[in-house]
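Atoms considered below: every heavy atom in the structure, side chains included; atoms not considered: hydrogens, waters and symmetry mates. Lettering follows sequence order; numbering is per chain, from 1.
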Amino acid sequence: MSTRVVVVDDQEMVRAGFAALLSAEADLEVVGTAADGAEAVDLVRRSRPDVVLMDIRMPVLDGIEALRRIVGDPVTRDVRVVMLTTFDADEYVLDSLRAGASGFLLKDASAAELAGAVRVVAAGEALLSPSVTRQVIARLVDGPARPTRDPRLRQLTDRERDVLLLVAAGRSNAEIAADLVLAEQTVKTHVSRIFTKLDLRDRAQAVVLAYESGLVTPG
Amino acid sequence: MPVTWRTAGRIAVLLAAVPLLCVQAPLLVAGHDVAVGPAIALAVALTAAVPLALGRPRLAALLAVLASGAQMSVTAAGGVGGWPWAVAPMLTVLLVMVVVGVTGGWRVALLALLATLAQTTAFAVLAAPWRDVATSLANLALWGSLATMAAALGVLLGRFTDVADALRFERTVSAEAQARRVVIEERARVARELHDVIAHNMSLVTVQARSAPARVPGLTPEAAAEFEQIAERASDTLAQMRGVLTVLRTEPGQSGRAPVPTLGQVTELFDAVRESGQGLDVDWRVTDDAGVDEEVGAAAYRILQEALSNVRRHAPAAPITVEVAVDPSDVPGQLTLDVSNPLERPLADGPAGHGLVGMGERAAAVGGAVESGELVPGEYVVRARLPLRARAGGSRGQEVR
């Protein structure tokens with residue numbers, strides 16, 4: 001079954017271009033495009049795609065607000081959203097990761113990067129562009145690391161904390177399994193338990209939380 | 001101009017010298033039997049020390065000592081008035097002491113004080129054979145105490161003036177620094193937005209080139225490779241542009257979650273004004289095919305936004321008239337913006353605000369200019385003229401009072 005994708009951008013050229021590039025892949029299907037956040041929320045509710053590629057800066061309703069509505073709606077909360085941006089240092093990238101985006105993609109990404117991003121996010125087994133994402137989060141999460149760790153982290157078992165550290169380091173489930181000498185299925189179970197306990201949607205939020213709670217320090 | 005020593009103080013000193021000049025000669029003639037000619041000469045010499053002290057404190061002190069010595073000699077023989085100091089010369093030299101304290105500082109004031117004391121003592125002692133020493137010494141004591149106070153007062157006034165001057169200088173300097181900072185910040189803001197537009201367009205070029213082989217059927221492999229190279233080059237340029245923007249972005253929240261505005265979006269601004277309940281009359285004379293550049297449209301939007309928010313801040317009850325026009329007969333075309341509101345009271349003087357600087361910088365960035373002020377009697381007007389096609393190097397705008 002192919003992965004269903006929606007492209008949201010206020011520029012006609014970006015919508016048409018990305019739709020053409022993604023449609024060229026056999027396992028990906030573009031089920032619709034929208035020109036602003038309000039249209040996107042509507043379209044996602046109706047078409048229930050697996051992945052949404054969405055611009056941050058849009059008229060009417062901006063991408064972050066549309067993202068909040070999509071992940072806040074029980075009907076569409078399982079939809080993965082990747083934010084499109086012209087600037088990776090944008091503070092809105094961090095805002096959108098906090099708000100529940102699965103990652104972000106620069107608009108000048110190559111065709112291979114674009115398709116790869118959709119596949120990675122749809123599978124949910126790994127973080128999208130791990131090194132870039134971690135760098136951006138490390139740079140944008142401000143203030144010195146707090147000496148006292150987030151109380152939410154106390155709910156985790158030692159093993160779960162080890163797994164969270166590796167997720168925050170951008171490792172995929174398969175890599176974590178190899179690191180800790182565990183079955184990949186066991187890692188999957190740990191990851192989903194961590195996500196439930198900490199109320200995380202995605203690996204991207206796990207990285208943000210790890211930095212913001214002081215579990216991982218930048219640098 | 002503020003009331004200070006440098007302005008009001010000098011005038012007061014000169015005014016005080018006039019009556020002293022007028023009364024001295026008659027008093028010397030009546031009280032001390034001085035002949036009219038020498039009395040006038042003494043009066044002029046003593047009083048001249050007052051204005052002299054404003055610029056040349058040492059010379060003035062010397063003149064005061066010599067002239068008062070002359071007065072003491074001339075009046076030494078007898079008469080009913082006070083001696084060694086006659087009343088009018090004493091008052092005059094007291095005034096000189098104050099001014100010398102201000103302009104010459106405590107050293108000159110102290111020297112002048114000691115010189116007059118020594119001179120007065122000498123006269124009192126020398127005149128002992130024919131004048132009552134006790135009376136002379138009482139006159140000396142009176143002079144000593146009054147002159148000390150006058151000198152001290154002058155020195156303190158001088159110190160105070162110096163401090164006030166330093167403070168005023170400091171204020172001027174920091175106001176200038178503040179004004180410069182406002183201009184620089186606004187320029188950075190404008191530069192940021194222009195770079196934003198460029199980066200945005202560059203990313204469109206990348207997407208267009210990248211997706212061309214997928215969108216355009218029948219491209220030869222050579223053409224597809226060519227497109228890919230264009231995409232790569234645009235992508236590299238974009239990376240450089242990101243570096244520039246990181247430098248220009250100095251405070252959070254500057255990149256904005258909404259795209260850079262277009263001229264067509266100004267209707268949102270008009271709606272916002274109307275919703276606030278303020279009267280607004282819009283005369284829109286721009287056709288869709290007027291050919292307004294993207295940067296010019298963005299500049300026009302920001303200028304209108306700033307001008308409207310200024311009116312809302314300063315004259316929330318005034319009806320606003322907005323005129324946006326492109327004159328088709330004008331070659332090469334220009335976009336004119338006029339935002340005006342009736343003035344409730346005359347314009348107050350003051351430095352141009354942040355907003356006015358910002359509008360000027362935005363206009364200049366696309367080669368236009370902004371003027372503002374009472375351009376029409378009784379109306380505050382912000383008037384911008386922008387070329388339809390952006391070009392660098394317009395004038396930075398001016399405030400008309």
If you count every heavy atom of other residues, nucleotides or ligands that lies below 6.0 Å from [X] atom [atom1], does the total exceed 12?
{"X": "B:Arg389", "atom1": "CZ", "result": "no"}
{"X": "A:Arg119", "atom1": "CZ", "result": "yes"}
{"X": "B:Asp283", "atom1": "CG", "result": "yes"}
{"X": "B:Arg233", "atom1": "CZ", "result": "no"}

Decide yes or no on side-chain hydrogen bond (donor to acceptor under 3.5 Å, both in side chains) for A:Asp108 and B:Ser235, but give the supporting numbers first. CA-CA 6 Å; A:Asp108 54 322; B:Ser235 184; 2.6 Å; yes

Verdict with reasoning, B:Asp196 to A:Arg57, per side chain to side chain contact (heavy atoms under 4.5 Å, CB included): CA-CA 12 Å; B:Asp196 223 77; A:Arg57 290 161 58 164; 2.5 Å; yes

Which pair of non-hydrogen atoms, one from [X] and one from [Y], has the smallest distance, and what is that distance?
{"X": "A:Gly17", "Y": "B:Ser211", "value": "CA-OG, 3.2 Å"}
{"X": "B:Val207", "Y": "A:Lys107", "value": "CG2-O, 3.4 Å"}
{"X": "B:His200", "Y": "A:Thr86", "value": "ND1-OG1, 4.1 Å"}
{"X": "B:Leu204", "Y": "A:Gln11", "value": "CD1-OE1, 3.4 Å"}

Can you tell me which portion of B:Leu238 sits under 4.5 Å from chain A's heavy atoms? Options are side chain, backbone, both or neither.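 For B:Leu238, the side chain is the part near chain A, not the backbone.
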
Which bit of B:Ala199 is near chain A, if near means a heavy-atom gap under 4.5 Å: side chain, backbone, both or neither? both

When you measure from the side chain of B:Arg215 to the backbone N and O of A:Ala16, does any donor-acceptor pair fall under 3.5 Å?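 No, B:Arg215 side chain to A:Ala16 backbone: no donor-acceptor pair under 3.5 Å.
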
Using heavy-atom distances under 4.5 Å, tell me whether A:Ser110 contacts chain B through its side chain, its backbone, both, or neither. both

Could you tell me which portion of A:Ala109 (side chain, backbone, both or neither) has an atom closer than 4.5 angstrom to a non-hydrogen atom of chain B?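 The answer is the backbone of A:Ala109.
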
How many angstroms lie between atom CG of A:Asp9 and atom OG of B:Ser203, to the nearest 0.5 angstrom? 8.0 Å

